[in-house]
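Both backbone and side-chain heavy atoms feed into the values below; hydrogens, waters and symmetry mates do not. These figures come from a predicted structure and were not determined experimentally.
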Amino acid sequence: MIMGIDHGYYAIKTRHFSFPAGVTVYTHKPYTLKNTLQIGGKYYVCGTGRQPILRDKTINENYYILTLAAIAMELRCRGLPAESSVILAAGLPLARYGRDKKSFTDYLFRNGQPVNFLFEGERYKIRIESVKMFPQGYSAIALHPELVKDEPSVLLMDIGGWTVDLMWLDNNVPNAATCRSLELGMIRCMDEIQEQVRRDTGLSVTDAQVERILAGKPCSMDEEARKLIQRQGRLYTERLISAAMEAGFDLRTLPVILMGGGAATVMRNVGERDGLCNAPRRWRPRAGTCTSWATPPRWATCAPSSGAPGTWP
């Protein structure tokens, strides 16, 4: 069985689940086993906030623990046995793909030995048969070729938790020499918003509250703080556009495909005043969430959960 897992700085994503990439470890049984993985005599509560930024994700066991938790959740969701063999599919930014591929593969594979653990009190025995690494972003484009159809050059902008990865495609082929990784991901955006709210209003807002307001969803909050968060979302978008332009990508002429957790925030805050696109239109997929501005793929966001095609209204 092939199982895809996105090991993000901000969240772990699978086909059916997304949860924060935080881990809290206990030497004793916690008050609840919800999201708790037990292995090696310790209890790991997964999805508890976010962990400190690790430039090398193999430096400790956290991402391996999160991987086991994600596998257990997917097996249960799919109605598969708790004793299973899995082929892992994972991704790395193209700019670091060659450098990190072997170390991250070895980190996840562990020589293919079966691993026994309990997740939420249920016993699992998992054997990782192999680990397949793919360049992030570019692999998703393969599922949606209509986004790059008839476009000789396209910029892929993957807005993740810590980094924004930029990939230039000429005739659907990545130009590795132009790949850039900017440390302007959503974690930076969230931290700066929370600091600005504290500075201007004296209030402390949570990550979950900021996420909800940036997504345009209802949230009980002081109106001044709400407007400030919305304004900061626009400032983040302006900063990101400026950084991409400074990196050598002319977004006035180059079609852009947005991906990742921050894509929706940018799409809500970009407009005609930026000189990047025309009036907005929405692309409605049968699976996943994709949005496009103007004629596809001038500006498009794409975070599909499967390769099912979408429709244009």
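One finds the CZ atom of Phe119 at 10.0 Å from the CG atom of Leu33 (value rounded to the nearest 0.5 Å). Distance check, rounded to the nearest 0.5 Å: CG of Leu118 to OH of Tyr124 gives 9.5 Å. We find the CG-CZ distance between Leu254 and Phe249 to be 8.0 Å, quoted to the nearest 0.5 Å. How far OG1 of Thr48 is from CZ of Phe19: 10.5 Å, rounded to the nearest 0.5 Å. Taking CE from Met1 and OG from Ser84, the interatomic distance works out to 5.0 Å, rounded to the nearest 0.5 Å. In this structure, CG on Leu184 lies 5.0 Å from CZ on Arg239, to the nearest 0.5 angstrom.
Using a distance-only test at 3.5 Å, with no hydrogens or angles considered, no donor-acceptor pair links the side chain of Asn171 to the main chain of Val173. Distance alone, capped at 3.5 Å, places no donor-acceptor pair between the Glu183 side chain and the Thr163 backbone. Lys132 contributes no side-chain N or O that, together with a main-chain N or O of Ser130, makes up a donor-acceptor pair within less than 3.5 Å. Between the side chain of Gln38 and the main chain of Tyr43, no donor-acceptor pair closer than 3.5 Å is present. The backbone N or O of Trp162 lies less than 3.5 Å from no partner atom in the side chain of Arg188, so there is not a single donor-acceptor pair. Not a single donor-acceptor pair under 3.5 Å links the side chain of Tyr236 to the backbone N or O of Ile193. At distances below 3.5 Å, not a single donor-acceptor pair connects side-chain atoms of Asn111 with backbone N or O atoms of Gln113. In terms of modelled atom types and a separation under 3.5 Å, the side chain of Gln136 and the main chain of Gly91 share a donor-acceptor contact. Remark: side-chain polar atoms of Glu74 are paired, donor with acceptor, to backbone N or O of His16 under 3.5 angstrom.
With contacts defined as side-chain heavy-atom distances shorter than 4.5 Å, the pair Glu195/Gln232 does not qualify. Leu92 is listed as a side-chain neighbour of Phe104, based on a closest heavy-atom distance under 4.5 Å. In this structure, the side chains of Tyr10 and Asp207 come closer than 4.5 Å at one or more pairs of heavy atoms. Residues Ile159 and Leu240 have side chains in contact (heavy-atom distance under 4.5 Å, counting atoms from C-beta outward). Side-chain atoms of Met259 and Asp165, non-hydrogen and from C-beta on, never get closer than 4.5 Å to each other. Inter-residue side-chain proximity for Asp158 and Met167 is flagged as unmet; no heavy-atom pair is nearer than 4.5 Å. In this structure the side chain of Met190 reaches within 4.5 angstrom of the side chain of Glu211, judged on heavy atoms. Residues Phe117 and Ile126 form a side-chain contact, since some pair of their non-hydrogen atoms from C-beta on lies under 4.5 Å apart.
Between Ala82 and Glu122, the shortest heavy-atom contact is CB-OE2, 4.0 Å. Of all heavy-atom pairs between Lys13 and Ser18, the closest is CG-OG, 3.5 Å. Closest approach of Pro255 and Ser153 over heavy atoms only: CD-O, 3.4 Å. Looking at every heavy atom in both residues, His7 comes nearest to Ile12 through CA-CD1, 3.9 Å. Of all the heavy atoms in Ala243 and Leu182, the pair that sits closest is CB-CD1, 3.9 Å. Contact record, Gln209 with Cys219: CG-SG, 4.0 Å, taken as the closest heavy-atom pair.
Neither side chain, Glu238 nor Asn269, offers a donor N or O lying under 3.5 Å from an acceptor on the other. Checking Thr58 against Ser103 by side-chain atom types alone, no donor-acceptor pair falls below 3.5 Å. Arg199 and Gln196 share a donor-acceptor pair across their side chains, judged by distance under 3.5 Å alone.
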Checking side chain to side chain contact (heavy atoms under 4.5 Å, CB included) for the pair Val266/Met157: CA distance, chi angles, key distance, verdict?
CA-CA 11 Å; Val266 173; Met157 184 182 292; 5.8 Å; no
Given side chain to side chain contact (heavy atoms under 4.5 Å, CB included), test Asn116 with Arg123 step by step and report yes or no.
CA-CA 7 Å; Asn116 296 279; Arg123 189 172 301 278; 5.5 Å; no
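Each of Ile2, Val131, Thr105 was checked for a side-chain contact (heavy atoms from CB on, under 4.5 Å) with Leu88, and the lone residue meeting it is Val131.
Ile39 and Ile5 fall within a single hydrophobic cluster, where Ile, Leu, Val, Met, Phe, Trp and Tyr are joined by side-chain heavy atoms under 4.5 Å apart, directly or via other members. Following chains of ILVMFWY side-chain contacts shorter than 4.5 Å, one cannot reach Leu235 starting from Ile213, and the two form parts of different hydrophobic clusters. Both Met133 and Val86 are part of a single hydrophobic cluster, where members link through side-chain heavy atoms under 4.5 Å apart. Taking hydrophobic clusters as Ile, Leu, Val, Met, Phe, Trp and Tyr residues chained together by side-chain heavy-atom distances below 4.5 Å, Ile65 does not share a cluster with Val45.
By the side chain to side chain donor-acceptor pair (under 3.5 Å) test, Lys102 is found to be paired with Asp106, residues two or more places apart in sequence or in another chain being considered.
Here Lys42 does not pair with Glu61 in a salt bridge; the nearest charged N to carboxylate O distance is not below 4.0 Å. A salt bridge links Glu223 with Arg226: the distance from a Lys NZ or Arg NE/NH1/NH2 to an Asp or Glu carboxylate oxygen falls below 4.0 Å. For Arg180 and Glu246, the salt-bridge test fails: no basic side-chain N is under 4.0 Å from an acidic carboxylate O.
The local environment of CZ in Arg110 is crowded, with over 12 non-hydrogen atoms from other residues, nucleotides or ligands closer than 6.0 Å.
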